[in-house]
Structures are given as structure tokens and as C-alpha cells.
Amino acid sequence: MLLKHTPEMISERSALMINPAKTCQPIGAMYAALGIKGCLPHSHGSQGCCAYHRSTLTRHYKEPVAAATSSFTEGASVFGGQANLIQAIDNIFTVYEPDVIAVHTTCLSETIGDDLPQIFDKAIKENKVPAGKTLIGASTPSYAGSHVTGFANMVKAMAALAQPGGEKTGKVNIIPGWVEPADMEEVKRIASLVGVPITLFPDTSGVLNGPLTGVYSMFPEAGASIDDIKASGGAIGTLALGEWCSAEAARLLDSRCKVPCSVLDLPIGLQATDRFVDTLRIIAGQSVPDEIVRERGRLVDLISDMHQYFYGRKVALVGDPDQLIAMTEFLVTIDMVPVHVVTGTPGKKFEKRITDLVAGTDHTVNVRAAGDMFLLHQWIKNEPVDLIIGNSYCKYIARDEDLPLVRWGFPILDRQGHQHFPTVGYIGGLRLLEKILDALLDRQDRDASEASFELVL
Amino acid sequence: MLLKHTPEMISERSALMINPAKTCQPIGAMYAALGIKGCLPHSHGSQGCCAYHRSTLTRHYKEPVAAATSSFTEGASVFGGQANLIQAIDNIFTVYEPDVIAVHTTCLSETIGDDLPQIFDKAIKENKVPAGKTLIGASTPSYAGSHVTGFANMVKAMAALAQPGGEKTGKVNIIPGWVEPADMEEVKRIASLVGVPITLFPDTSGVLNGPLTGVYSMFPEAGASIDDIKASGGAIGTLALGEWCSAEAARLLDSRCKVPCSVLDLPIGLQATDRFVDTLRIIAGQSVPDEIVRERGRLVDLISDMHQYFYGRKVALVGDPDQLIAMTEFLVTIDMVPVHVVTGTPGKKFEKRITDLVAGTDHTVNVRAAGDMFLLHQWIKNEPVDLIIGNSYCKYIARDEDLPLVRWGFPILDRQGHQHFPTVGYIGGLRLLEKILDALLDRQDRDASEASFELVL
Amino acid sequence: MGKAQRTKQWDPVQVKEQLLAKYPAKVARKRAKQILINEARENTTPEITANVRTIPGIITMRGCTYAGCKGVILGPTSDIVNLVHGPIGCSFYAWLTRRNQTSASGEHGENFMTYALSTDMQESDIIFGGEKKLAAAIQEAYDLFHPKSIAVFATCPVGLIGDDIHAVARTMKEKFGDCNVFAFSCEGYKGVSQSAGHHIANNQIFRHVVGTGKKQRSEQFRINLLGEYNIGGDGFEIDRILTKCGITNIATFSGNSTYDQFATANQADLSCVMCHRSINYVADMLETKYGIPWIKVNFIGAAATAKSLRKIGDYFQDAELSARIESVVAEELPSVEVQRQQVLPRTTGKTAMLFVGGSRAHHYQELFKELGMKTISAGYEFAHRDDYEGRHVIPGLKVDADSRNIEEIEVQPDPHLYHPRKSPEQLAQLQQDGMAFKEYDGLIADMDERTLVIDDLNQYEAEKLVELLKPDLFCAGIKEKYSIQKLGVPMKQLHSYDSGGPYAGFHGAVNFYREIDRLVNSRVWGYLKAPWQEHPELSATYVWE
Amino acid sequence: MGKAQRTKQWDPVQVKEQLLAKYPAKVARKRAKQILINEARENTTPEITANVRTIPGIITMRGCTYAGCKGVILGPTSDIVNLVHGPIGCSFYAWLTRRNQTSASGEHGENFMTYALSTDMQESDIIFGGEKKLAAAIQEAYDLFHPKSIAVFATCPVGLIGDDIHAVARTMKEKFGDCNVFAFSCEGYKGVSQSAGHHIANNQIFRHVVGTGKKQRSEQFRINLLGEYNIGGDGFEIDRILTKCGITNIATFSGNSTYDQFATANQADLSCVMCHRSINYVADMLETKYGIPWIKVNFIGAAATAKSLRKIGDYFQDAELSARIESVVAEELPSVEVQRQQVLPRTTGKTAMLFVGGSRAHHYQELFKELGMKTISAGYEFAHRDDYEGRHVIPGLKVDADSRNIEEIEVQPDPHLYHPRKSPEQLAQLQQDGMAFKEYDGLIADMDERTLVIDDLNQYEAEKLVELLKPDLFCAGIKEKYSIQKLGVPMKQLHSYDSGGPYAGFHGAVNFYREIDRLVNSRVWGYLKAPWQEHPELSATYVWE
């Protein structure tokens, strides 16, 4: 047993988090910033933060993740990091020549009270920012929220670039949330099929699922361009996918630029995708194209074909709020039973939403927003499940409890392919169903007696 | 042990086939015919054939497979099936109203010598074929070749519809071979991206991966239309994907209609897809579009990222010739070692091709064209492998020998999803890599000691 | 497909008319006789046409004689090596596709069910004859597996080219000495359906195997279970219950069976027939040749299971056995009932249609009744009139051209092995006490008035039926599954159970309750329309938050 | 990237110039001192600047002090509960990401390495102080796990807000009585790299644990292995060999270690230092306080392994031990050699670059030499000058502002536990016979002339180096992996071994030979260009068959 010290009996903890289901804000800000074209993320703090975030993102995406750091020393930590950041800005623009530097803070720089706008001003005054180049800054203290919050804060910083009173673009802004590069691509494909011209930001497709060609480009020809982000203030409206990751940015666009917004769930699963597509077609004033209708029909078809294997099977879930909400709804849709749901990102709204989603079934759900995977494991010990869905850390629980695991979410450190195939949209739904079914049937095959081993399932 | 009577010691068999790696021609003809728009396949023989083929295709595709049969009785078997077929044609056009009936023979009707063209003539003379309706016939004796041959024969019968001397269409015919509906879709997508207008036949996309909508249409709005097939005689040329499934039809188009052809491998894996795309762009006189170049680069990237898990791992393969050729090349491409390769479809050319593909490596390969899965299993017992790739029947070998299995080929009776995701093209390559890696790493995780159980792989 | 539509009255006469409307006249005339509106009559059952040819071109659910012989009857036996003589396909398709489970309980734990053996006939074999290849294949199978028996099956071309498979089998049997080789002329074109194959299979088993067993069976309360194929483990569950009751099942024909079980089947005291269609004649022959009486049983449905057990108990007239049966029923039934009551509110009033092979279209109505569901239409794929109307019609059945060539074995009391299990007086007394020997009343009698009984239902009619009557559940086979489901109606395979089961016995009943609950209450069928199809109107402008 | 280019001569001076060309002047000046062209000098090693601040904005490979302390040094110990005091991230990132394996060989099989514990500091903790929360968290950890020790790690804000973690630890230790609670002030901003974290970690282990063990160790030939972290099982392989030789490894610092091993480390007779950088000062302290001499060893490379074993044997001056070592070498080395010879033709002449943390950038050159490969550039991520130039420079090292705050422990001979292992005469004799105590000559001495030694290589220089010198293999860490590979050059992680290993010892050498063969001979790098990129011309018409 690899987690042999985890007792079945649950004791409430007031101070100790064990096996977190979240990490800190800056990594989210770094991921978001990678979705801006020509952007180098910059971590304003000790160099260890940047190293850790780069390592984790790299292990998940299996792609180079360039990011710089202010490399605080003890001195900077005491006297402030302004000098380090200005020097960094100078070095970065000189050596790497990005179009944008997206700076996020850390617990260190937040604790000492570094003021990014003020430092940016000084850098500009000192001519460290070449013409046409952009600095973005997001306050992402590690001691509040989670990596999800950090992502949202950096996206909000992008939205803050939007210019009020600019030209009407006739486009719709879509803020996709923290999803895989392939998911961003799929959101663009769906919008394009429905006929809605969009600005997607951030957009990591092509950045974190890039080709191998013998050329390394720190800034691939991909990502949301600064011009488009600036022009997003002239959009028809903004669709924020996911309350936790995207809503704040959309609301900022509304308040700053009078661009109205709607917050939708991540389009994961049948019904959330239905709502997304329905919204798009109403905005576009268009019929939903046959291709999408067919994709939907294929998803419904596969749900019906697989239903017997899903029905009533219990699932433990861990991940990020927007993902979990959509996944919980999808599981209910296919008559599976979400039994335990844990996210690390705090928020009572999350618990209510999950509870509401499961309310229509005959089951109740254990849900914890500021939970951890230690608790999840204990819940599983107390009420066993048929399947775990979550990130790679779940493999320890899965092994100890001898449960099948579908890897989904962040980070996935021990499998590859997730970057390349969407789980959003109807096509993404097909993939999720395939993954869940494979996990369940692999287990069924493994556990079958010789007499009940089946050729046809 | 479920195959406990299979001895390690191999004795050559002259008369007995055990656990075949093939089935009979008619099922291939039936699948091919489903790729014609508005077509009802018809099995000219005993009703059992049709029942078996429909069952097998249904279990594989999890979709309705409509097909009719001449329902021979003992009398018809002695005196000939003409009356049955004419009655069937009449009933079919009256009751189901297809545009086309695609008749294939069986060992029964072949043995008694029924002559389809003659029966068709009689049916037409007796006004059993309404205006604008088409009859196609293929001779598919079960005692020659295999299901692959039957597929090829029905496709050849389609090609025989092509009209010589017709209008030049400016299009390229692509004969995709026996691949999944999603593969056919992917071939169309690639050709469209390169800018080559094509006629794809047969085309089961949308037929055997159809939506669930509450409406059952025996003849969905999908498949290759008879008009397009007829017009294929005016094409620029024909690309036959797969020597075994597609070449004969292409050569018939050449000889009958002077439409030149090239026979390519199925575009499975990096290099075969490269050749396919390169051919398309030369035909189109166009540059390969960025989207395809990016997809290729992503595949190369994933190969490099996964390489350490693939390198030197031994694979046993069973399936159909065109698929195995492409897969063997792909495995060699990624530095895996195809150790045993068995197809049921006879043909010495196959054995030479496989041997040639593996010749560039440090390894030799056991290959048998007219082999069976009993032999494959014995080979595995004599030289163990790390992975099996093949259809669902392989699960018995995999269980007995405790080997991971990637389900691929026909039939897959115990998993779902294969209809929805291509394995052709670069995107298909990504899927294959993901599946192989998952199989290998799931096994590694399973077998790891506690000390060597890894979070990061 | 609203609830309102589902529950509204329908007129069976109109429905029948609509089923027939599109057919060519000749087809319509024929099908009209196979579609019966169940009516109340005094002491007579309405007559239906059955066991007649399939109409060419009309997409049927039926399979062939080979399928019935190799696939259904011989398939479930673990220790006979089955060798298919013919082109490869027939062997391939019958390979592990029937879900008959085995505990491989033969003498040496043999299990040949995972092997598909074929002579893989090639064109030259068709031209020059395949006997030599067959003989060589039998030899190779013998050398590899050393089984106690090898069964050879003919596929379509074999009969046509005149291979004498029986002669080859005889020769090889003599050559080996320790291996019973015998053959089946079960070419696919024979008869009109699988039923002919069952007959051919059962006849040969009866002829070549039954009664050859050396082992003396001395257990108490010995029965044979006929017509049970252990799909999804049904037979395991029935055996579990029988064993618990103290009843010894000598041989199941042919679920989870072994060669030796068949060989000693003559030593049973009673034959219990599950699937009347596939095997009732074997029960007759066992009685005639060995003196074993038979009764009809049904282990599908909890009440039916209890009833069948009691029937067996009554036959043996042993107080201890009867007490044990009662205690088993008392032990098992209440928890089944608890499960039933849980599901009942969710299934009551739902409607079902059943179109499956043999007796299941009849037996499963028991389970649906237990669920408060109504079977509004049913029929068999390959039954004969007696399966619909009851055995009293057997004497009057016409033997047509297609049936004529399916051998009927004439048996006589075995000079050595025949002994009556009960005296004529005992049998008479039992009958007087209500024990029905050799009796089966058929499906029609058990169905409600104004339901539709349809023989050899086809694809077209199935679709029409569903469109017109909108059942909550349709039961048939894999070929039918997805076209029905495309219509938004859940479809349960009652051949393979959709990988589910067991559904027999007490545990099986619980499994079935749960499965039907899942099917008729699944959320899936509510997703057929997208929101934009439910509300297709486009507002002028999207209403932002 | 043709072969021709690869083998062509390159001018290190030009390369250095190009590495620096794009930098702002100040950066260029600084980096110039950290990029050294290895030259032949008489009896002197060229001087390099090392262990200096990372340049803000220049993308570094380095991590922080916390990473060095919690991640590297304390991570591999199975039975100490590690509790991170700070916001959640630092605990999360150091959770199971280092691949230090464990056999969980503590007293009760404890394994806390799979747990990440954190106080998950929130904004209010930052404002009002986190000591209470820390105390509560320690209590909760104690209540749940009852470990023999809890280690507390400070992350960046802790030092800034003034939480006294040592006081909290002391209080809790006293409260528990049976659990040694101690803390590390390893805030990420301290020092200039992980190296400071190693120091802080090792100091506290030395102070709070070493020498506290009750158990008397009485095995023969007792050593400590310092600076081995059991990545990918390296330590398992070394222990396997040591055990085979009859040498007892009292404590590894800190791969696969346990609390009790640290506690009894003072009872060893010899300290063997693997990673000089991370731990050489501990070796010094062990000698000063307990009288244990130390030597440098290296178990990376088969020859190096044999050499290190003999060195240990020589130290103990025991004929039986030496004979046993010789027999182990004689048993193990030949099969390693067979493997080497198989790979050698495929690797000879290839070039490598190594930029990794501590000693690996040096040690692995042994393995590359065994493969006939040339290391054309190498450097450390966090080394000090002595790791490059040898220990003779230590007295002259300047202590700058960043190093000043990293505690140096002053130790004295322990009044009870100190006892010299060898008499001064014995030591003198050993030295005279060639035994080098406390000696390490550094990386530069082992590298060829005109190779480039680069300290704290960064992303920009790495890319340039690869473009200019086109090595066959580049070795660094996960952050570097994919940008190098995008250039078409295989990249081997020498921190985590890319999930491979072990690479130490004899088995490890074989693993490494195979892995390098795979990397430098992979087909993958031939696929970078599509056929239409290789032959972009469009023929007028396609040539059909």
C-alpha cells in the first residue's frame, strides 16, 4: 500500500492539508499567459516558483514552457523586487524579443508589497520596453484561491487590455477557461462551424501541442494576439466558459467596455455542449449546421450504446471547479453516480452547484470545495466507488484501493495524448465515454472468471 | 487458462485451421455495399450467411446493419436460386425502396453456379427493377480469399459501374479500403485540406457511425452516390489505398475507363500518410496546407516524446493485409519490433512485404499470410512479446499470456469508440500512439513494485 | 413519443393492416397468416402459420440450420472438439459469439469452446471434394487435443458436392478407438430456420452419445434439464438452486454440458424441458427409449422457478425433497420480492414486445408480469405451431417440403437400458393430482386478448410495430438492436442478454428486474432532440446576462 | 544537421562569443566569467565564476533553496513526515516529482513520501502570522501518523512575516515527547540556488538527528554514503553491490534513508561522498565531530564503480574484504563489458553535453567515456567553484552577500562520541599509499582541452550551443528537455533519468549504455522533414502507376 497511513476514519482537520487537490495561483497565470501570441510569462518572485511551474507544465504538456523569473535574492525580498523586475524586463526584451511579457506575482512579491503597475511605469519611463511591446501584470498571491484563481486573474489582466469605445468588430469573445490546447482548438472549430466569428483568449492551441520540426521557436505562430485582445472591447459580447476560470474577465469587459457577457459551463458533456452550441447559434442568428447536429447525434448514440456499462456505477472525482461541474453533469446525464467530488479551490458556490446537479438522482453526493485528496481517499474507503476520474496523483489511491482510473484534468504526468484530443464539445464527449468505458471494461475483463470472460461486450 | 490446449510446440498443419485470422468473402462485400448511398446489401445464399454477417458487423459497429438474403431452401440449393433472387429484388424494391441493391454471392450460390448478371437481366426484363434503380453484383465465393477479398470484389463491382468516355470531372477517385467510418471521413478531410476534389467509394462514414435522433433511416444521407461512382470513369485518376482491398477496383477503372491509378498503402502511421499527402499535393499541384503540416509535426513530436517507451518493445500483430503492412511500417518507424505478423488472407506478396519492412531493423519477423491465431499464439509462446495488436479475439491470448492488448482491426466486439476516431492520417497516428502507450504504461503501473511505482512517466 | 401516445388505445386490426399494407400481395397474404390477433375463443387457440419459409428479400431475424446445430446445441459443450467442414466463415461466426458459459467440468477440465476449428475449404476442395482434407483435419485435431469426441459439421457446399462426412467420421472413429467422431449434416440451406439445426444436432447427440456412458449414476432425484444453454450463466444459477434442493442434474442439453453428461443422460429419472422448441422431441425419445417421463419447466421468473421446483418435487413424491424445496423457496424468494418491490413502481404499466428465438418470447413474459409490465406483442423467430398453440396441435401438423428432409428418429425401448421410472398407476395418480406430463400449452394461451402474436417478425414489421405502438421496451436479437434504438426505444437482447445475465432462477430474476428498470427508466431517451430542435425559433438578439 | 557539420572543427572562442553576443553588456560581462574554455595550464585549473546570483529575466535552469532542502535532501527519507509551512504550491510541486525511490525500510515500514503536507497558508495567516496554524498542523500530523519525526519547512513568506518555526517545532517536540520535530528556514529566496537548501537541510539533519541513535551498530566495514538520492533506484544498486562485498552502509544521505540511519551515522568508519556539491561539508563535520574520515567515491560508470569499491577496500585494509571486492568486480564487470562492446560501435564518436545539478555533470562523463562518446561541453546548475576547480580553492572562496546568511555549523569533537577511526600514523600511511582523503579535483580537470565549461547555463545559451555544436545528445532537466528536442537533438534528463534508471553501479551502467544507444540512434530524428519539404518542387502532373 502506497498510502498505507491513510485511515478510514475521518477526522476533521483545521490546519493541515494533505495531498492537495490544488496548487498555487502563479502556475495558472503562467499557463494563461502562454496562450497569448509572442508572450513570455514572467514570475515575479524567487526563481524556484518559476522552475516548479515550468516543470509541472512541461511534464503535463510535454512541450517546452519558456518563462522567466525575477530571481529574488534575500536582498530583494527585504528591499523589494523592483530592480530585479526592471532588469528582467530589459534582459527579456533584449535576449528573447517577445511581443509581450506577462508578469504575475508570487506569495513572496505579494508579501513584500511589490506594486506591478508602478514598476511597469518605471520600466517604461526608463525605456526598458521597446515600442510596440506590451507588459501585462496580474496579482496572483499564492496564499489565496488556487491555480485556477491565478489563471482567472491573468485572463482578467488580458481583458483589462481591451479598449473601451473602440471599433465594433462583430465578433464574440470566448474565454475558454483552463482547458487543453486541443480543447481550445475544438471551441474554435465549433464556433466556426456555427458561423460565429470569435476572439478566443487565451489560446494555447499550437503553443502547447506544437509540432516537432527541427526548429525551436520560443514564440510559435499561435495564441491570441494582443491586437485581438485589445479589440475585444468592441465585441458583440463575451462568452465566459466556466465561472471560476473565465467569468471575472468577462465581467470586466462588461464593466469596462460595455461588452455584455454570459457565463456558461465548460462545454464538456452533452448538455453543457448543447447550451454552448445553442447560445452560439442564437448569437449568430444561424441554424446549427448539420455537421454539429451529426456530432451530437453520434454522442447521444454512443451514450445509449454504452449505457448498460455506465448505469449506476459510482465515481469519485477530483479536479478543478469548472471541470468538475461539467463532468458531474455529464456523469449524471449518462446515469453514472458521482459519489465523491473534491476540488481544492475554495468556494461554497461549488458545493451548492454539485449538490444541485446530483439532486435529480436517487443519490446524494459528498462534495468539498476546499478539500484534499487525503479526504477523497478516506471518503472512498468509507463508500467505495467503481471509478476514479482525476489527475495523475489519483493513481496512488487507485492502486491502493484497486480501482480503475480515468486520467483527466491537471496535471497528467504519466500519460500522453491529452494535449491532442479534446474533451470539450460533442467529439470530446465521445472521447470521455470511450475512456470511461475502456476503464470499466478493462477492469471487467481483468476480474472476470474464466467462465464469464466475454468476447462480445 | 482459456486456451489451455494450445501447445508451445508448433506442428505444421495441412488441413486444419484453428482460430482463424480471417472470415469469408460475403461479409466484406456487405460492408463495402453499406458504403453506397441508398444501398441495401443482399446476400444470395442461405439466410444464415446474412444473419451472421449482419450480427458481426452490428457487434463491431454498434449500428443497424440492414441486409437482405435470398433465403435459400433445400430446393433452391438444388435447382438454383434465380427465383429466390428475383423475388427478393421485387420485395426489396417494394418494401424498403433502396436506390441500389448490391448482391453478393455465397459459397452456396457459387457452388451451384448461379449467374448474377443473367439473373439481373431476367429481373430487369420482368420489370422487377424500378426506373432509376441499380443492381450491383459481386461474385464472392467463401471458399476463396477472405473477407478482404470479398470487400475488394464488391468495390470492384462498384468500379464496374463507372462509365468510360464520360465527362471529365476533374476529381480524383479514392478507394479507401476496409477502414472504419471515421477513417473514411478523415481521408475526405485530408483530401479536402490539400484541395483535391475527390470521389470516395465506398464511404461508410455517416452510415456506420450514425447519430441517434429518434428516427431510423435504413438509408442515411451518407455513402458514395451511384451517380458519383458512375462519374468516376471521368476522373483524373484513382488512388487505391491498400493493395488487397482497393487495387483491383482501381485497375479496373484504368482498363475500362482509362483512368490511371496509383496503389498506395493505407495512410496509417507517419510514413504512409506522408506518401498519401505527398501524392495528393502533387496531383493537386498545391502546397501542403499548414494545418496538415502542423498535424504531421504533432505526430512526429509525440513519437519523439513517447519513444523511450516504444523502443525495442516486441509486438505480435494479427489483422488484414493492408492494415498490417501499414502498421508494421509504423511500428518500425517508432522503433518498436514487429515480431510475429499473421493475417488470414492468403498471398505470398504479403509475407515478402512484411519481411522487407522489417529488414531494415536488427530483427527478423515471423510472418504468415494464410496463418491463424492458433499459430500466432504458439509463436508468442515461443518468443514472447510486450504487446499484442489485433481484434477482440486476441483477448484470449492476451489473458492467457498476461500481455497487454491494443484492439485494432476487425472485428472489435468488446469495446466501443473505434468507429468514431480515425487511425488513418496523422491524427490517426496520434490515436494509435496514445493507445499503444496507454497499454504499455498501464502494464508498467500494474507490475511496478511499490518502490518503483512512478508519478511521472 | 409522449406518454399520452404510449398509453392510448390501439386497434390491433388496424395495426395488422398497417403492417401488411406495403407488401406485395403475395407477401401480404403469407404474412397475414403469421400475424395473429389474440382473441378469446372457447376452448380453442387461434391458429397461426409458423415454421414456414422465410420470404426472400424480406429482412428476417432468422439464422440457418448450421447456426442452430453448431452454434446453439453443440456450442455450449466444453469437451467435444467441434470441427466445421466448409469455407472458413461459418466456423468464424460461431466462435465465442453465443455467450454460453462453461465451468469446464469435464474429466480433465477440457474447454474447447474457445477454439474455432475449420477445414477452411478452398476452391479446389469444392471442385475435387473435401473428404480427404476433412479426414486430415480430424487427424490433426486428434493429434493436438486428444479429445474424447470430435463433432463434424457440414456447411452449405458440403452437401452439394457430396462429401460423405459421416463415412469420414466413422472411419476416423474406428481408427482412433478412444475418440467418438460423429458428424452433422446441418447445411445452412436445410429447413427454414435454426430449428432444423437443433433437430439435427439433438438427433445425433441422442444417437451417438446418449446411453453410452459407463458411469453408474446413483444420486437421488436425478433429472435432465433439456433446452437450457447457459447463456450468461443461466444454467449455473439453475444448477445452484437444484443442488441446494438436493436434486441432481445429470445432464443439461446442452448448457455447460460435458460429453459424459450426455452419455449418462439415460440414467435420469425425469426430463425437465425448458425450451420446448429446441428439444421437446428429445424428451419424447428419452421416454420412449429409456422410460424417462418429462415435464415442462420454466426457470425464468421467480414465481415460475418456485413453481417448477415444486413440480419436480411433486414428481419424486419424497417428503424430504419437498420440504427441502419449500425451505429453499422460503429462503430465496423473499429477498427477490424485496428487489421486485423496489423496482415495481418504476416499471408498472410499461409495455414490452418480445421477439426471440425459442421459448424466451414466452418465458420472459413471466418476468415482465412480475414487473407489472404488459407484453403487447410477441412471437418466435423459429418456432412451430405447437410452441404457439400448444402440443395438442402436433398430430395435425403438416410436414412440408422443407421439414421433410429433417430426420425424425424412430426410437424403440432400449433392450438393456429401458426401464419405466414410474408404474402406469403412479403416473396416472400423478396426473390425477395435477402433474402434467408431456404438456405445453404454448405462448398464445398466456397472452392477453388483443395482443399481437407474430411469427418470424421481420425488420420492416418490427419498425412499424414500434412506430405504431411505441412500446417501452423491445426484446429481440443483436441484428434488431440498433434499428429499434434509433427510434428512441430501448432494446434488450434476449438471445445474448446484452452481456448481462444470468436471468434464470432467483438471482436471475433480480438481475432482470434491475436491468429492466435501467432500460425503461434510462435518461438516454430524453436526449434525442437538441435544445435548438426543441425551440428552433431564433430570437432577434441573444439575451446576454 | 548532417554528419559533416557535426564532426567539423569548432572554435570555442568563437562559440563563446556567439553565446554572449546578444546579451546586454552587463549580462555579457557576468556570463563571460561563467563560461570557460578549458585550456591546458601548468598545475593550475582555470578559474570560473560559480555560485553567483542568477540574472533576473535570463531563463535559468535553477530552482530554489526550498527545492534543495525539502525536495532534494529531505524528500528521499521515508519515515520523516515532511510538513511544508506556506501557501500550498511549494508542497504540491515537491510531491512525488523527484523519483527518489524507497524500500520503506523504517522500523514499521513507514512511507510518508507519498504524502504532501502543508499548512496551506491563507491571506489571514500572512497578515496575522502562521505560527498557531503551524502548531495545529503539526498536532494533526502527529495525531494521524504518529511518526518518529516531523520536519517543518519554511517557504518564502514565512521568513518575511517572522513566523518562528523553530520555536514552534521545539514546543511541539517537547509536547509529544516521542517525536522529534525540527524545522528548516529554507525560504526560496535564500542563497542563489538549490545549493543553499542542501546546506540548510544537511545542517539541521546533522544537528537534530545524527548521533542521537540508541542502536549500537556492530557490523563490519561500516560506511556512510553521502550525496546519493536513490533516483531511479541508484541507491538500491549501490547497496546491492556494497552488501555483496560485505560492506555495511549505515546511512545514505539521503536516498532510501530512514531516521534511524541518520541517527546512527556517527557509528560509521568511513564516509563516502558521491555528490560533492550537496554534502561535502557534512563529511567534514562527521570527521570533526565523530572522527570519521571521508573519501570521494563515484558509482557512476562501471570502471568508476570498481575503482570506488577498491578504494573503500583499501581504506579498511582487510585482506578478506579486498578479496571479496575483487571477486565481486570479477563477477560483475565482464557482463557489463559484453553489453558495452555491443553498444560501443553505435555510440563511439558521438558527442554529448551535460548540464545538471550537482556532480552528475561530472560523473556521467565516465559513462560517456565508456561509450566512446566525447563530452564537448558541461557545467553545473548550482555548483561552487570547488566543484569545478577542486577543493584546493575552498580556502580562497569569497563569501558574498547571498552565501553569508547560509549557516555554517561550527562543530567540535563530541565529548562522548568522538573517536578517531585510524591513528594519525595509519592515515599517513594510507595517504602515502595513494589513498586521497578529503580530496576532489573537480570537473574541469577531467574535461578535454577546448571544451566549454559553463556554469548556470541558461535556456538561451543552451539553444545556441545546440545550434552551433550540434551535439548528438544533450543532458539536462525536464525544463530543458523539449526545447532541445524541438531542435532535433535527443535530450536525456539527468535529474530524473526520464523515468529510467538505475544508472549507478554495474547494472546501472548497462541500463545507461542501452538508453544512450536508443537516444543517439533513434529513427525519430530522421522524420523532421516531410517528403514535400525534402522535395518541394511540384511536377506538372502526377505520374500515375
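Order of the sequence lines fixes the chain letters, A, B, ..., with proteins taken first and strands second; residue numbering starts at 1 for each chain.
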Hey, which of [options] has the most heavy atom pairs under 4.5 Å with chain B?
| options | answer |
| --- | --- |
| A/L405, A/T213, A/N209 | A/N209 |
| A/I412, A/V300, A/D305 | A/D305 |
| A/I303, A/L299, A/L413 | A/L413 |
| A/V456, A/D414, A/L437 | A/D414 |

Using a heavy-atom cutoff of under 4.5 Å, enumerate the residues of residues 422-432 of chain A that contact chain B, numbered in order, or state 'none'.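 A/I427, A/L430, A/R431, listed by number.
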Using modelled atom types only, decide if a donor and an acceptor are shared between the side chain of B/K395 and the backbone of A/E454 within a distance under 3.5 Å.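 Yes, the answer is positive, given that a donor and an acceptor are paired below the 3.5 Å cut-off.
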Salt bridge or not for [X] and [Y], using N-O below 4.0 Å?
| X | Y | value |
| --- | --- | --- |
| A/E185 | B/R294 | no |
| A/E63 | B/R298 | no |
| B/D438 | A/R407 | no |
| B/D445 | A/R415 | yes |
| B/K62 | A/D301 | no |

Go through the atoms of [X] and report whether side chain, backbone, both or neither lie under 4.5 Å from a heavy atom of chain A.
| X | answer |
| --- | --- |
| B/A182 | neither |
| B/F453 | both |
| B/D442 | both |
| B/S449 | backbone |

Minimum heavy-atom separation for A/Q416 and B/E434, please, with both atom names.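 Reported closest heavy-atom pair: O-CG, 3.5 Å.
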CG of A/L212 to CG of B/L302: how many Å apart, nearest 0.5 Å?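 It is 10.5 Å, given to the nearest 0.5 Å.
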Can you list every pair that meets salt bridge (charged side-chain N to carboxylate O under 4.0 Å, His left out) and has a residue in residues 203-223 of chain A, with sequence neighbours left out?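 Listed once each, the pairs are A/K37-A/E221, A/K188-A/D203.
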Under 4.5 Å from a heavy atom of chain B, the part of A/A222 involved: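 Answer is neither: A/A222 stays 4.5 Å or more from chain B.
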Candidate pair B/R399 and A/R446, rule side-chain contact (heavy atoms from CB on, under 4.5 Å), full reasoning: CA-CA 8 Å; B/R399 179 172 163 129; A/R446 189 199 79 171; over 6 Å; no
Between B/E450 and A/K4, is a salt bridge (charged side-chain N to carboxylate O under 4.0 Å, His left out) present by the stated rule, with each step listed? CA-CA 11 Å; B/E450 293 205 348; A/K4 57 182 150 190; 5.2 Å; no
Please examine the side chains of A/S392 and B/L455, heavy atoms only from C-beta on, and report whether any two atoms are closer than 4.5 Å.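 A side-chain contact exists here, since the closest heavy-atom pair is under 4.5 Å.
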